[in-house]
Visitor: 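A single structure is presented below for examination.
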Number of protein chains: 2
Amino acid sequence: MEKFIHVLKRTKLFAGVGEEDITAMLSCLGARLCTYKKGEYVLRQGERLDDILLLAEGSLHIQRDDYWGNRSILGHIEVGEIFGEAYVAPESGTLLNDVVALTDCSVFFFDVKRIITTCSSACRFHTMVVQNLFFAISERNRGLVQKLGYMSRRTTREKLIAYLSEEAKRQNSAYITIPFNRQQLADYLSVDRSAMSNELSKMRDDGLLEFEKNCFRLR
Amino acid sequence: MEKFIHVLKRTKLFAGVGEEDITAMLSCLGARLCTYKKGEYVLRQGERLDDILLLAEGSLHIQRDDYWGNRSILGHIEVGEIFGEAYVAPESGTLLNDVVALTDCSVFFFDVKRIITTCSSACRFHTMVVQNLFFAISERNRGLVQKLGYMSRRTTREKLIAYLSEEAKRQNSAYITIPFNRQQLADYLSVDRSAMSNELSKMRDDGLLEFEKNCFRLR
DNA sequence: CCCTTTCCGTTGTAAATACAACTGAATTGT
DNA sequence: ACAATTCAGTTGTATTTACAACGGAAAGGG
C-alpha cells in the first residue's frame, strides 16, 4: 500500500492531508488494496457493496451489457478517482453496473462506515477527508447530470457536439484526447458505432472538426 | 419556518433528529425559507449556488430548455427531497439546469459550509445530519445512474419499459402513478411526445400495459 | 516476419423517430 | 355555462438511426 501513498496524496479524497497522515489514516479507514488484470471484473452488476473504491493504478470502465449484448458505458475512471460511491447508503440495493479493468489495476477499498463515523481525536484529518468525500460525490453527481445532458440530445451529431465541446471546455483546449475508441464512444453516447463513424465523417466534411484516432480538433 | 418542522422531521436529511433539535439546528445551519408561485423559477441555469435546498411544500421540476425550445426534464422533486446538492463543491461552476415550481412552493436554503463544518458540541445531532446528507447525495447519485439507464435505451418502447418497470419496482406495485403528463414524460425520456403516445398505444395493443392519464398498469 | 485480431470507415436497407397538422376530450377561467 | 386553453391520440412524410456486411489499415502475438 505504501507504494501508492504518493498517488493518494494527489487525489481529491485526500486533498490537504500530508503523506504521514495518510499512512496513519489507511488503517484507521480500514483500507484494503486489490489488484486486477486487464479485462477482469472489479465489481459485477447485482453484487452488494459496502465500500468506497479508489483507483490507484490503471483505468476502468463502468458499464452494463443488456440481454442482447448491447453495451452501455456509464463512465471512465482514471487514477485517483473514486467509484462505487452511489451505493454507500443503507438500503441502496445491488449494483446497477459492472466495473471492468481496461488495463492492469490496483484498487483501494475503504470501509464506508469507518469513513463517515469520524473517530474524533485519533486522526486529526478525518474530518477533512469526510468533507473531501462529500465534495467528490457531489462532483460525480454533477458529472452524471452533464452526461444526461449529452444523452438527452436527439441526434448522434448533437450528442457528439455536446460531448466533445464539453470535453474541450474541461480540457481547456480545442485539441482534445478522449479516453474512448470508436466503439467505446458509441457505447458511451448510446448510439450505433457505424452511424456515429458516418456522422463524424459528415461533420468533418462540414468543417466542424478534424480527428485522428481518439484525438479531435474542434473548430 | 416552525410551520414546517413536522415536514423536516420526516425528511432523509433530518432522519433521527427530534423536533426540538431540528428547531435548534435551523439557526445553526443558517436556514432560510423562500416561497415561490406556480411557474416561478427557483433557480436558473447559469446561476451560482452555495446552498443545499430542501423542498418543504409543493413540487418542482429540474429541467433545461435549449435554443430551439426543446425541453429536457432531469427530474421531479417532491416534498422532503433535497436538490442543488451537485453544486456544493468549490469550483463546481454554474447551474446546468433550471428549477421550476410546478405548484406554489416553499423551499429551505441551507448554507453548505455550515452543514459540513460540524460545530462540535453546539448541536449534538449535527454529525448525524452530515451523514444523512452524505447518504442523500449518494442516493441521488444512484437515481441519476438509473435515469441514465433509461436514457441509454435505443427505442422509445425500451425507454418506456425501463422507466415504468423501475417505477413499478420502486412503488412496489403493478399499478403505478407517475408525476408527469404525456409531454413531461416525453421530455423526461427525451423522446417525441406524439411518437411516444403512438408507442404507448401499440404497447397497449400488444397487451404490455394499460393506462389512463398518468396511471399505468403493467402486465 | 507472418498471422490473427482489432479498429474504423463505408454502404445499403429496414426500422424507428421527429415534426407538423389535426381531432376530440378534458380542464380552466370568468 | 361558455369560451379558451391544455391535453392526448392519430396520421403522413421526411429525416435519422440500427443493423449487417465488407475491406483496408493498424496493432498485437508468437
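Here is the naming used below: chain letters follow the sequence lines, and residue numbers restart at 1 for every chain.
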Visitor: Starting from P on C:dC8, measure out to CD on A:E212 and report it in whole angstrom.
Guide: 11 Å

Visitor: Between P on D:dT17 and CZ on A:R157, what's the gap in Å once rounded to a whole number?
Guide: 10 Å

Visitor: Within the structure, does a side-chain N or O atom of B:N181 lie under 4.0 Å from either OP1 or OP2 of D:dC7?
Guide: yes

Visitor: In this structure, how many angstroms lie between the P atom of C:dT10 and the CG atom of A:L200, rounded?
Guide: 10 Å

Visitor: Quickly work out the A:E158 CD to C:dA18 P distance and round it to whole Å.
Guide: 11 Å

Visitor: Report yes if a side-chain nitrogen or oxygen of B:S194 is closer than 4.0 Å to either non-bridging phosphate oxygen (OP1 or OP2) of D:dA8; otherwise report no.
Guide: no

Visitor: Can you tell me if B:K213 touches the phosphate of C:dT27, counting only side-chain N or O atoms and a distance under 4.0 Å to OP1 or OP2?
Guide: yes

Visitor: Run the salt-bridge test on A:E85 and A:R140 with the 4.0 Å N-O cut-off and return the result as yes or no.
Guide: yes

Visitor: Go through the side-chain N and O atoms of A:S190 and B:R153 and say whether any donor and acceptor fall under 3.5 Å apart.
Guide: no

Visitor: Which of these nucleotides, D:dT17, D:dG9, D:dT11, is closest to any side-chain atom of B:R193?
Guide: D:dG9

Visitor: Select one nucleotide: of C:dT10, D:dG9, C:dA18, the one nearest the side-chain heavy atoms of B:S201.
Guide: D:dG9

Visitor: Please compare B:K202 and A:A195 by the position of their nearest nucleotide in DNA chain C and report the one closer to 5'.
Guide: A:A195

Visitor: Both conditions, 6.0 Å and 45 degrees, for the charged tip of A:K9 above the ring of A:F4: are they met here?
Guide: no

Visitor: According to a strict under-4.0 Å criterion, is A:R154 in side-chain N/O contact with OP1 or OP2 of C:dT17?
Guide: no

Visitor: Assess the pair B:F83 and B:H76: is the distance between their ring centroids shorter than 6.0 Å?
Guide: no

Visitor: Nearest whole angstrom, please: distance from the P of C:dT17 to the CG of B:N70.
Guide: 16 Å

Visitor: Using only side-chain N and O atoms of A:T155, determine if any of them is under 4.0 Å from OP1 or OP2 of D:dT16.
Guide: no

Visitor: What's the closest nucleotide to the side chain of B:D192 if the choices are C:dA18, D:dA18, D:dT10?
Guide: C:dA18

Visitor: Take the protein atom CZ of B:R71 and the nucleotide atom C1' of D:dC7, then report the distance between them rounded to whole Å.
Guide: 15 Å

Visitor: Is A:D51 paired with A:R114 through a side-chain N to carboxylate O contact shorter than 4.0 Å?
Guide: no

Visitor: Once you round it to whole Å, what is the distance between P of D:dA8 and CG of B:D187?
Guide: 12 Å

Visitor: Figure out the CD/P separation between A:Q184 and C:dT6, and round it to whole Å.
Guide: 13 Å

